[in-house]
2 protein chains.
Amino acid sequence: MPHQSALTRKLLTFVALSDLDIETLARFFQRRRSFLAGHEMIYQGEKDASAFILASGWAYSYKLLASGERQIVDFQVPGDFLGLRSILFRTSDHNIEAITRIEASEVLASDILDAFSHAPRLATAILWAASRDEAMVVEHLVNLGRRSAEERVAHLFLELGTRLKLVGLDDENGFDCPLTQYHLADALGLSAVHVNRVLRNLREDGLVTFQKARVVFHDFEGLKALSGFDTGYLDQDGPLLR
Amino acid sequence: MPHQSALTRKLLTFVALSDLDIETLARFFQRRRSFLAGHEMIYQGEKDASAFILASGWAYSYKLLASGERQIVDFQVPGDFLGLRSILFRTSDHNIEAITRIEASEVLASDILDAFSHAPRLATAILWAASRDEAMVVEHLVNLGRRSAEERVAHLFLELGTRLKLVGLDDENGFDCPLTQYHLADALGLSAVHVNRVLRNLREDGLVTFQKARVVFHDFEGLKALSGFDTGYLDQDGPLLR
DNA sequence: CGAGCATTTGAGTCCACTCAATAGTGGTGG
DNA sequence: CCACCACTATTGAGTGGACTCAAATGCTCG
């Protein structure tokens with residue numbers, strides 16, 4: 001089952017799993033589902049939602065305001081666990097929509113709760129995965145609160161590049177990226193028009209280009225310096241439980 | 001042990017705990033500590049940090065940027081669990097500083113990991129608590145990304161009021177609040193000068209006052225309408241595990 | 001090959017910023 | 001006990017980054 005390798009590998013870097021843990025985890029990959037681009041996989045107010053493990057494709061999680069505005073919280077790429085919070089809360093407090101066509105495994109609330117009863121190391125690994133997600137949200141908060149538009153865009157591209165590299169979906173100088181400028185705007189607290197201008201600046205400064213659904217880094221170090229990007233919140237220190 | 005009631009009560013609304021769970025949880029309250037105002041309880045880069053359960057006083061968690069700017073992620077009030085993410089990651093990715101004098105219980109990494117091995121329902125409850133924290137961070141993200149300065153301030157006061165009410169630290173028309181305008185600014189992605197102007201506007205519009213370390217609501221419904229505040233992300237639906 | 005979406009650019013506006021200066025407040029020590 | 005110092009709050013003036021509105025161009029896919 002090659003599609004489960006990304007998540008499993010991530011978890012193994014954190015906790016050494018027993019045979020029982022591995023077996024329990026394997027059950028998470030039983031229910032294969034696919035979704036069309038634009039499909040709402042999870043929606044605000046949904047009761048007893050499922051979670052999913054992304055095998056291929058991109059999604060994004062977001063909240064809608066009364067005004068109709070949208071704030072994107074995070075993007076999900078292959079290997080990511082999505083909707084965990086929707087399981088822990090009886091009713092989901094956010095939406096998740098497929099950006100591209102998606103292949104995923106559906107994980108039921110009962111799968112998770114069983115894992116907690118019978119596979120404590122796996123449970124620890126899941127809590128760790130949730131904490132890592134929270135660390136990403138925190139970094140996005142810093143991005144919105146204290147960085148300029150140029151810095152925000154640069155930071156987002158570097159984060160996505162790093163995350164995709166971890167699952168082998170990057171290449172020498174960049175990565176394929178199905179986002180629109182509206183996605184970037186709603187993730188970064190900017191208007192789409194301004195995102196467009198910022199992209200032009202970054203391109204003209206020889207830092208990155210984002211065109212034709214591809215991000216290409218031209219000056220990786222320059223981008224890091226500009227945005228203050230530090231991989232700390234994505235990196236691992238080696239297993240907590242051996 | 002009256003100081004443990006707030007957290008324990010919160011957890012019990014989510015998961016019915018067994019006697020063993022309760023006993024394990026009780027161990028979290030063994031190591032009583034106190035800290036002076038301004039003390040750094042947890043700092044970025046700290047290895048093998050402890051977590052804490054706040055008995056009294058306020059703290060705030062934040063990240064520092066290379067530029068020296070500060071982004072406050074959340075405020076912690078009595079009953080809150082703080083530093084959980086510092087335990088799951090070997091090295092802490094954020095700082096937590098005491099705002100007032102603090103009484104707290106220190107929770108070691110081993111306490112948490114033991115709980116995961118031996119008390120699965122408690123483990124589930126801890127994951128739920130972590131998810132609730134993440135939901136708050138997400139709401140702060142929405143605040144920064146898509147709300148105006150007036151809306152942000154109003155939203156923060158409503159959230160703090162609601163959280164304090166849950167632990168009985170509010171009163172008829174407001175709550176005691178040890179924050180400075182600099183704290184508000186760094187939590188809301190604004191300058192302290194602008195926060196001051198916004199507070200004047202809200203006061204002159206008869207909505208809230210924030211003076212002399214006290215927040216007083218004058219038009220609760222008006223504030224809610226202004227900020228689009230919805231308690232959903234703080235509320236509970238009743239126990240997931242019975 | 002049009003229809004709908006996405007991108008790009010211009011013009012003008014405004015929200016929140018910075019810099020600067022003045023009060024108020026509380027704690028400390030001589 | 002009061003003088004002082006550091007911190008916090010307040011207000012004014014001027015600036016600028018990001019916004020909105022508007023229009024033109026490009027792209028893709030049914």
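Quick note on labels: first sequence line is chain A, next is B, and so on, each numbered from 1.
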Open item on the list: I'd like to know if A/Arg197 reaches the base of D/dG17 with its side chain such that a donor and an acceptor end up less than 3.5 angstrom apart.
Closed with: no
Whole angstrom is fine here: how far is it from [atom1] in [X] over to [atom2] in [N]?
| X | N | atom1 | atom2 | value |
| --- | --- | --- | --- | --- |
| B/Asp186 | D/dT8 | CG | P | 12 Å |
| A/Glu150 | D/dG16 | CD | P | 15 Å |
| A/Asn201 | C/dT9 | CG | C1' | 13 Å |
| A/Leu179 | C/dC5 | CG | P | 18 Å |
| A/Gln211 | D/dG26 | CD | C1' | 12 Å |
| B/His194 | D/dT11 | NE2 | P | 15 Å |
| A/Glu151 | D/dA18 | CD | C1' | 14 Å |
| B/Lys212 | D/dT10 | NZ | C1' | 14 Å |

TODO: Please state whether the phosphate of D/dT10, meaning OP1 or OP2, lies under 4.0 angstrom from any side-chain nitrogen or oxygen of B/Asn196.
DONE: yes
- [ ] Please check the phosphate of C/dT8 (OP1 and OP2 only) for any side-chain N or O of A/Gln181 closer than 4.0 Å.
- [x]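 True: A/Gln181 side-chain N/O within range (under 4.0 Å) of C/dT8 OP1/OP2.
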Open item on the list: Heavy atoms only, 4.0 Å cut-off, all strands: where does A/Leu199 land among base, sugar-phosphate and nothing?
Closed with: nothing
- [ ] Please work out if B/Ser191 contacts a base, only the sugar-phosphate, or nothing of the nucleic acid, heavy-atom cut-off 4.0 Å.
- [x] base
Decide whether [X] and [Y] meet the rule of one side-chain donor and one side-chain acceptor closer than 3.5 Å.
| X | Y | value |
| --- | --- | --- |
| A/Ser191 | A/His194 | no |
| B/Glu46 | B/Ser92 | no |
| B/Thr209 | B/Gln211 | no |

Open item on the list: Before we go on, tell me: are the rings of B/His183 and B/Tyr60 under 6.0 Å apart, centre to centre?
Closed with: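 Centroid separation for B/His183 and B/Tyr60: below 6.0 Å.
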Task: Matching residue for B/Gln44 among B/Thr91, B/Asp93, B/Asn95 - test: side chain to side chain donor-acceptor pair (under 3.5 Å) - done: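 Among B/Thr91, B/Asp93, B/Asn95, the one meeting side chain to side chain donor-acceptor pair (under 3.5 Å) with B/Gln44 is B/Asn95.
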Open item on the list: Measuring from the side chain of A/Arg200 (C-beta onward, heavy atoms only), which nucleotide among C/dT9, D/dA9, C/dT7 has the closest atom?
Closed with: C/dT9
Open item on the list: I want to confirm an ordering. Mapping A/Val193 and A/Arg146 to their closest nucleotides on DNA chain C, which one lands closer to the 5' end?
Closed with: A/Val193
